[in-house]
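Take a look at the structure set out below.
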Amino acid sequence: MGFWSGKYVAVAIGGGIAAYKSLELLRLLREEGARVVVIATAAALHFVTTLTLQALSGHVVRSDLFTPSETDGMDHIRLAQEVDLLVIAPATADLLARMAGGHGDDLLTTLLLARTGPVLLAPAMNVAMWNHPATQRNVVQLQADGITLVGPEHGLLACGDQGQGRMTEPAHILEAGRRLLAPKPWKGRAVLITAGPTQENWDPVRYLSNRSSGRMGWAVAQAALRAGAEVTLIHGPVAMPPPQGAEAIAVVSAQQMYEATLSCWESASATRPFAAAILTAAVADFRPAVQQPGKIKKSSTEPGQQSQLALSQNPDILATLAERANHMAQAGQTPPVVVGFAAETDATLDSTGSVSPLVRQKLARKGCDLLVVNNVLAPGCGFGSSTNQVTLLHRSGDTVAWPLLDKDEVGERLLDYLVHLLV
Ligand code: PMT
């Protein structure tokens, strides 16, 4: 069952051109299993129709405070109390002003005044309106009142101007809502995550790499962010933008990932040490021993002749961090939990359900607290897929096998599991 399944969400739509994007937000919420009710301002209904909103939400659309209701006329108060989340998307400059001023002259503003639970605002307007001192004052006031804002984003605006004012994309509004509602057991804790592949240059046009998409690491980072952690994500070349709110450091080679990871570890120990280092990256164990300055010519070998590529070993990031953590423990300090992922190509569990001896040896060699073992050749597992089946192997020898799950769910469960290992 997904996060939104059974949640009750009120989506309030203000009168701006971005109202068309809120239709997608309604669709996504319904698809994820949420129960949705729509409140549209009178101005919103100039941009989208009642019929569309009703069809997408599956409920009667509410717009007018004074339309007689089937119950006792107090349904705006009841709604304010009953919904798990109130999202206002798009929130126009006028709505922000009326909210900040504590107005209560229509259904939406009375609902807001009666609301004590989480409220998420997705502003959308022209860049000059957004930057206007009055709007900025209202934003500060609303934040001080405990309201959370997502966006607006930079980009091309409906009026043709370029700048900050675009409403955040519906999928990201959904994620912001999830973060707002999720419990925060990692609040105040820093987490270091590595993700994606590394690329090892051979010559200026060729490199050695692997099939990691970064999805597993992204899922772990999202789960950590939702749980309130401060996330540093060091990642190799991937096709996705980093999750909002993470401090992302892009690298290319294993050597760069090693240097970036160690430098983060060092700088963090001076301020706030990491509570956990979770290394999901598929780091190349080897790199070409010599990087050629120019493209290697096909004519440098005779047809049919074999050519040799000499390889050098890359530093082992996981083993280095685990060694540092173990030294910290010996010195009486509290080390972070150090977690590796193990990509195997044969059954990770033997016929008795135990983790294979080779995986146990890998954990001993790396010296980390936990290995998350996945068989990357099993259906639905490993590189690029949206799902994974993992078995956790703790240094105590204990194992936990999870079924095939969305990578998102693997990330959530992993963060839940790890929080119990923190001292
Ligand atoms: O990115 P996706 O497409 O979603 O795919 C996810 C995944 C298959 C990449 C992920 O689930 C996974 O298995 N990651 C680990 C891949 C790997 O490098 O496994 P390994 O068994 O070779 O290494 C074990 C651990 O040592 C890993 O935590 C790795 O980050 C680390 N390592 C390896 C070599 C090295 N030089 N330095 C390291 O830190």
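Quick caveat: nothing in here was measured; it's all calculated off a predicted structure. Just so you know, ligand 1 is whichever comes first in the structure, and atom 1 is the first atom listed for that ligand.
- Which parts of ligand 1 touch G382 is read off a 4.0 Å heavy-atom cut-off, strictly below it: atoms 5 (O), 8 (C).
- With I278 as the partner, the side chain to side chain contact (heavy atoms under 4.5 Å, CB included) test is satisfied by one option alone out of L192, V231, V339: V339.
- For N314, no nitrogen or oxygen atom sits less than 3.5 Å from a nitrogen or oxygen atom of ligand 1, counting backbone and side chain alike.
- The backbone N or O of A281 sits less than 3.5 Å from a side-chain atom of T194, completing a donor-acceptor pair.
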Original post:
Does the pair M99 and Q141 meet the rule for a side chain to side chain contact (heavy atoms under 4.5 Å, CB included), with working shown?
Top reply: CA-CA 9 Å; M99 285 168 65; Q141 182 59 56; over 6 Å; no
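- Some N or O of T280 is nearer than 3.5 Å to an N or O of ligand 1, by distance alone.
- For atom 21 (O) of ligand 1, the nearest non-hydrogen atom of the protein is K362 NZ, 2.4 Å.
- Using a non-hydrogen distance threshold of 4.0 Å, A254 does not register as a contact of ligand 1.
- The atoms of ligand 1 that sit less than 4.0 Å from any heavy atom of P315 are 35 (C), 36 (N), 37 (N).
- Considering only non-hydrogen protein atoms, atom 37 (N) of ligand 1 sits nearest to I317 N, 3.1 Å.
- If you look at A319 next to ligand 1, there are no close heavy atoms at all, none under 4.0 Å.
- In terms of protein heavy-atom proximity, atom 9 (C) of ligand 1 is closest to F383 CE2, 3.6 Å.
- Among pairs with a residue in residues 193-249, those fulfilling ring-ring contact (aromatic ring centres under 6.0 Å, His included) read W218-H235, at least two apart in sequence or across chains.
- Within a 6.0 Å sphere centred on OH of Y20, heavy atoms belonging to other residues, nucleotides or ligands number 12 at most.
- Evaluated for a side-chain hydrogen bond (donor to acceptor under 3.5 Å, both in side chains) with Q222, the options R179, E412, K407, R178 yield exactly one hit, R179.
- Taking every non-hydrogen atom of R215 and a distance limit under 4.0 Å, the qualifying atoms of ligand 1 come out as 1 (O), 2 (P), 4 (O).
- The side-chain heavy atoms of P315 and T320, taken from C-beta on, include no pair separated by under 4.5 Å.
- Set against the non-hydrogen atoms of G214, the atoms of ligand 1 under 4.0 Å away are 1 (O), 2 (P), 3 (O).
- R115 contributes a side-chain N or O that, together with a main-chain N or O of A80, makes up a donor-acceptor pair within less than 3.5 Å.
- Listed by atom number, the atoms of ligand 1 under 4.0 Å from G384 heavy atoms are 2 (P), 3 (O).
- Of the protein's non-hydrogen atoms, the one nearest atom 33 (C) of ligand 1 is K366 NZ, 3.6 Å.
- In terms of polar-atom proximity, V376 is not counted as a contact of ligand 1, lacking any N or O under 3.5 Å from an N or O of the ligand.
- Checking side-chain atoms of S209 against main-chain N and O of T198 turns up a donor-acceptor pair under 3.5 Å.
- Evaluated by nearest non-hydrogen atom to atom 31 (C) of ligand 1, the leading choice among L279, L318, T198 is L318.
- Here atom 29 (C) of ligand 1 lies nearest to A281 when heavy atoms of A281, G236, G340 are compared.
- Between the side chain of N126 and the backbone N or O of C159 there is no donor-acceptor pair closer than 3.5 Å.
- Shortest contact from atom 19 (O) of ligand 1 to any protein heavy atom: A343 N, 3.3 Å.
- Within ligand 1, the atoms closer than 4.0 Å to a non-hydrogen atom of A342 are 21 (O), numbered from 1 in the order shown.
- The N/O atoms of S212, backbone and side chain alike, include one that comes under 3.5 Å of an N/O atom in ligand 1.
- Using 4.0 Å as the threshold, M257 has no heavy atom nearer than that to any atom of ligand 1.
- In terms of polar-atom proximity, defined here as any N/O pair under 3.5 Å, A282 makes no such contact with ligand 1.
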Subject >> Criterion side chain to side chain contact (heavy atoms under 4.5 Å, CB included) on Q143 and L149, from CA distance to verdict >> reply: CA-CA 8 Å; Q143 284 171 327; L149 272 79; 3.9 Å; yes
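- The nearest protein atom to atom 24 (C) of ligand 1, hydrogens excluded, is given as F341 O, 2.9 Å; this is a heavy-atom distance.
- Of all the heavy atoms of V372, none lies under 4.0 Å from any atom of ligand 1, so neither backbone nor side chain is involved.
- The protein non-hydrogen atom at the shortest distance from atom 34 (C) of ligand 1 is D285 OD1, 3.2 Å.
- If you check which protein heavy atom lies closest to atom 2 (P) of ligand 1, you get S213 OG, 3.4 Å.
- Not a single donor-acceptor pair under 3.5 Å links the side chain of Q199 to the backbone N or O of V252.
- Between L208 and L309 the shortest side-chain heavy-atom distance falls below 4.5 Å.
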Subject >> Full working for salt bridge (charged side-chain N to carboxylate O under 4.0 Å, His left out) between K21 and E24 >> reply: CA-CA 5 Å; K21 283 192 187 175; E24 174 66 1; over 6 Å; no
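- For the residues V390, N374, N375, V410, the heavy atom positioned nearest atom 10 (C) of ligand 1 is part of N374.
- At least one donor-acceptor pair under 3.5 Å links the side chain of N374 to the backbone N or O of A342.
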